[in-house]
Amino acid sequence: MADTCGRFYNRGIKTERGIQVMYYSNGNYEAFARPEKPKDVDRKSAYLVGSGLASLAAACFLVRDGQMKGEHIHILEELGLPGGACDGINDPQKGFVIRGGREMENHFECLWDLFHSIPSIETEGVSVLDEYYWLNKHDPNYSLMRASVNRGQDAHTDGKFALSDKAALEIVKLFFTKDEDLYDKTIDDVFDDEFYASNFWLYWQTMFAFEKWHSALEMKLYIQRFIHHIGGLPDFSALKFTKYNQYESLILPMVKYLEAHNVQFQYNTRVTNVIFEISGGKKLARQIVCIHDGREETIDLVEDDLVFVTNGSCTENATLGDDDHAPEQKTADGEGGCWKLWKNIAAQDPSFGRPEKFCGNIHKTNWESATITTLDGRIPPYIQRMCKRDPFSGKVVTGGIITVKDSNWLMSFTLNRQPHFKEQPKDQLVVWVYGLYTDVPGNFIKKPMKECTGREITEEWLYHMGVPEAEIPELAATGAHCIPCMMPYITAFFMPRTKGDRPKVVPDGCVNFAFIGQFADTVRDTVFTTEYSVRTAMEAVYTLLDVDRGVPEVFNSCYDIRVLLDSTSKMMDGKKLTDLKLPFPAELVEKKALKKASGTIVEELLKRYHLI
């Protein structure tokens, strides 16, 4: 069976031309199977540009499923350490820094396929998945205050979506809209103020960082992808988190695994171009151009040399400030090494995508985060009052972000399990703060967030937690340490797009080249997730090496009538179908349909999910 994009499901056979194709699968049969060693893999090598999650995952799949020798795998990284956007460091000069966090769920099929094979660096004899599974079983995530108002008071969203009938129907309409009808459309093209006034939009916008000018197509894909978690959206009970920051919990175990298999890491290497030989529809990567330790070098390639490029980056040209300085933002639209690389590649063939669609409007793709470290016992009581948990317990604290509903910056903040860093002192807390609106004055600090020092951001945060105004300056100066981070491209992947703007994972005609990461295009999955990075990596490796094993398909909850009925019921805050105010003709149709359903399995399902 093929989907609308011509990708194959549940097939492990050769096509009529005798060419093995990458295919999708589900179920334990494929999940538990180990593929045979691909043909001629011992004479192949691989070059991976970047060392973020997608690149590291691709290297792991090359080792585990491709059975390629580690000595043949070369990871070329511009910086001096791996991880890409999945960072978390204790900088000797600045202190603890986390640019962003990662929200995960149980149906990240490719991610868990990978991490069940990566050994834990915490506990001998278990996998990263094992320790993650046990942690989230023993300490499940949920929020006790999703949003605040009036300086630290509970906004009492109370698990409600507060959608009008009109707004609910707009969501349903978007869910069923064809992809091509949403090309280059914005969220503002499909919703109005009635929808934006709902709790649904408050939850959605702040959890996923969507803005009204972002892609309606991406929003539709998110709704379809996570429809099974609609009920967990108001309190984050759908989410799961790692024990420590993403770097220590996810990236380091992968790096240790790859180093144990002799994979070659080459740091301080900025790749500037990949040169192709294009003839008769065949596209062959022939040369990598890079700057290593300040000198330009080239790597000549043959057909057995596989190249994996992470095109684009949400954290490209991110800048840090400190307590006394705002982060500088001097990046012009389209600037940045990874964008230049993609532009150089894209100039050689239209199938390599259109990077300017994503990096050409920083005003619409930026927001700012900040890492606040508390230094003594004065601030934690304010945190505990809001999250209603002991932040020093080692267990779930806020259970996801707390959004300050009346913040001019639309500020949200979160504390994951503490300590968030292994080196973190026991009497300190690490808090992650972000603001979606960086160009408007704050409520306490009358400056745009992007112009604020770390201390000023801390003051604004303390104000919204209810600290007496007279105490705020002193507490911000002596009770906390703050590192702000401006990210000009953080939501670049949400920009409106059309077919071909994102290149396919393996562009048509490519025999030894693949794109991986958030700006490569694959079926049905959603960007800005760890799963998307790992999925594109898995598809790339399985395609170029002809790995004869199915890639787990995107969880198919959007095709499950039970999930659809359950999510509809929850989205309506318990209202029945008959409570909806419909136009008279539609109301007649509804009554006739319910009459025909009487006494059938349809009626049973509608009752089970409280819709009638």
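Hydrogens, waters and symmetry mates play no part in the numbers below; they use all other heavy atoms, side chains included.
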For a quick test of your reading: what N or O donor-acceptor pairs under 3.5 Å do the side chains of residues 81-90 make, sequence neighbours left out?
| residue | atom | partner | partner atom | Å |
| --- | --- | --- | --- | --- |
| Asp87 | OD2 | Arg99 | NE | 2.3 |
| Asp87 | OD2 | Arg99 | NH2 | 3.0 |
| Asn90 | ND2 | Glu423 | OE1 | 3.0 |

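For the pair Thr526 and Val554, the minimum side-chain heavy-atom distance is 4.5 Å or more. Between Trp112 and Met104, the closest side-chain pair of non-hydrogen atoms falls below 4.5 Å. Residues Tyr532 and Val534 form no side-chain contact, since every pair of their non-hydrogen atoms from C-beta on lies 4.5 Å or further apart. Residues Thr529 and Phe108 form a side-chain contact, since some pair of their non-hydrogen atoms from C-beta on lies under 4.5 Å apart. A heavy-atom distance below 4.5 Å is found between the side chains of Asn106 and His229. Lys357 has its side chain within reach of Asp184: a pair of non-hydrogen atoms, C-beta onward, lies under 4.5 Å apart. You'll find the side chain of Asp501 stays beyond 4.5 Å of the side chain of Tyr183, heavy atoms only. Side-chain contact between Lys364 and Glu211: absent, with no pair of heavy atoms (C-beta onward) separated by less than 4.5 Å.
Between Trp134 and Tyr132, a ring centre-to-centre spacing not shorter than 6.0 Å is recorded. You'll find the ring centres of Phe200 and Trp204 inside the 6.0 Å limit. Aromatic pair Trp367/Tyr434: centroids less than 6.0 angstrom apart. Checked against the 6.0 Å centroid threshold, His420 and Tyr244 do not count as a close aromatic pair.
Formation of a donor-acceptor pair under 3.5 Å by the Asp322 side chain with backbone atoms of His325 is found in this model. Remark: the backbone N or O of Gly50 is paired with a side-chain donor or acceptor of Ser55 at under 3.5 angstrom. At distances below 3.5 Å, not a single donor-acceptor pair connects side-chain atoms of Thr319 with backbone N or O atoms of Gln329. Between the side chain of Asn416 and the main chain of Val396, no donor-acceptor pair closer than 3.5 Å is present. Side-chain atoms of Gln418 come within 3.5 Å of backbone atoms of Val430 as a donor-acceptor pair (strictly under, hydrogens ignored). At least one donor-acceptor pair closer than 3.5 Å links the side chain of Glu456 to the backbone N or O of Thr453. Under the 3.5 Å distance criterion, the side-chain polar atoms of Thr414 are matched with a main-chain donor or acceptor of Gly400. Here the side chain of Glu471 pairs no donor or acceptor atom with the backbone of Pro468 at under 3.5 angstrom. Judged purely by atom type and a 3.5 angstrom limit, Glu460 uses its side chain to pair as donor or acceptor with the backbone of Phe444. A donor-acceptor contact shorter than 3.5 Å is absent between the side chain of Thr310 and the backbone of Gly517.
Judged as a salt bridge (charged side-chain N to carboxylate O under 4.0 Å, His left out), the pairs with a partner in residues 138-155 (not counting sequence neighbours) are, in order, Asp139-Arg417, Asp154-Lys388. Sorted by first and then second residue, the salt bridge (charged side-chain N to carboxylate O under 4.0 Å, His left out) pairs with a member in residues 168-177 read Lys166-Glu170; sequence neighbours excluded.
Side-chain contact, Tyr489 with Asp333: no donor N or O sits under 3.5 Å from an acceptor N or O. Gln518 and Ser533 share a donor-acceptor pair across their side chains, judged by distance under 3.5 Å alone. Between the side chains of Thr186 and Asp189, at least one donor N or O lies within less than 3.5 Å of an accepting N or O. At a cut-off of 3.5 Å, with distance as the only test, a side-chain donor of Thr478 or Glu474 sits close to an acceptor on the other residue. Of the N and O atoms on the side chains of Ser237 and Asp235, at least one donor lies less than 3.5 Å from an acceptor on the other residue. A donor atom on one side chain and an acceptor atom on the other are found under 3.5 Å apart for Glu105 and His228. Side-chain polar atoms of Ser164 and Glu194 form a donor-acceptor pair below 3.5 angstrom.
Taking CZ of Arg455 as the start and NE2 of His481 as the end, the distance is 10.0 Å to the nearest 0.5 Å. Note: Thr398 OG1 to Phe236 CZ = 8.5 Å, rounded to the nearest 0.5 Å. To the nearest 0.5 angstrom, Ile121 atom CD1 is 12.0 Å from Met254 atom CE. Separating the CG atom in Asn443 from the CG atom in Asn408 is a distance of 3.5 Å, to the nearest 0.5 Å. Note that SG of Cys485 and CD1 of Ile490 are 8.0 Å apart. Values are rounded to the nearest 0.5 Å. One distance of note links OG1 of Thr491 with CZ of Phe208; it measures 14.5 Å at 0.5 Å rounding.
With salt bridges taken as basic N to acidic carboxylate O contacts below 4.0 Å, one links Arg502 and Asp521. Taking the charged nitrogens against the carboxylate oxygens, Glu531 and Arg535 do have a contact shorter than 4.0 Å, which makes a salt bridge. Asp158 and Lys160 are not joined by a salt bridge, as no carboxylate oxygen comes within less than 4.0 angstrom of a charged side-chain nitrogen. A salt bridge is absent between Glu328 and Lys450; no separation between the charged side-chain nitrogens and carboxylate oxygens falls under 4.0 Å. Salt bridge status for Glu356 with Arg354: absent, with no side-chain N to carboxylate O gap under 4.0 Å. Residues Arg225 and Glu109 are not paired through a salt bridge, judged by the lack of any N-O separation under 4.0 Å between the basic side chain and the carboxylate. The pair Arg497-Glu218 meets the salt-bridge criterion, since a charged nitrogen lies less than 4.0 angstrom from a carboxylate oxygen.
For Lys405, the NZ atom is loosely surrounded, since the number of other residues' heavy atoms within 6.0 Å does not exceed 12. Counting heavy-atom neighbours within 6.0 Å of Lys340 NZ, excluding the residue itself, gives a total of 12 or less. Surrounding OH of Tyr267 are more than 12 heavy atoms belonging to other residues, nucleotides or ligands, all under 6.0 Å away.
For Pro234, the side chain to side chain contact (heavy atoms under 4.5 Å, CB included) test picks out Phe161, Tyr203, with sequence neighbours left out. Checked against side chain to side chain contact (heavy atoms under 4.5 Å, CB included), His363 has the following partners two or more places apart in sequence or in another chain: Asn361, Asp439. Residues meeting the salt bridge (Lys or Arg N to Asp or Glu O under 4.0 Å) test with Glu368, sequence neighbours left out: none.
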Please assess Lys422 against Glu122 for the test salt bridge (Lys or Arg N to Asp or Glu O under 4.0 Å), listing each intermediate value before the final yes or no. CA-CA 11 Å; Lys422 293 180 183 178; Glu122 293 285 312; 2.5 Å; yes

* Step by step, would you call Leu429 with Phe392 a side chain to side chain contact (heavy atoms under 4.5 Å, CB included)? -> CA-CA 8 Å; Leu429 299 172; Phe392 293 103; 3.5 Å; yes

- Query: So Ser120 and Glu131, side chain to side chain donor-acceptor pair (under 3.5 Å) or not? Walk me through it.
  - Reply: CA-CA 7 Å; Ser120 165; Glu131 64 182 7; 2.7 Å; yes

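Note on ring orientation: taking the six-membered ring where Trp is involved, the planes of Phe519 and Trp339 are perpendicular (angle over 60°, cut-offs 30° and 60°). Ring planes of Phe210 and Tyr222: perpendicular class, angle over 60° (limits at 30 and 60°). The aromatic rings of Phe195 and Trp201 are tilted relative to each other, their planes meeting at an angle between 30° and 60°.
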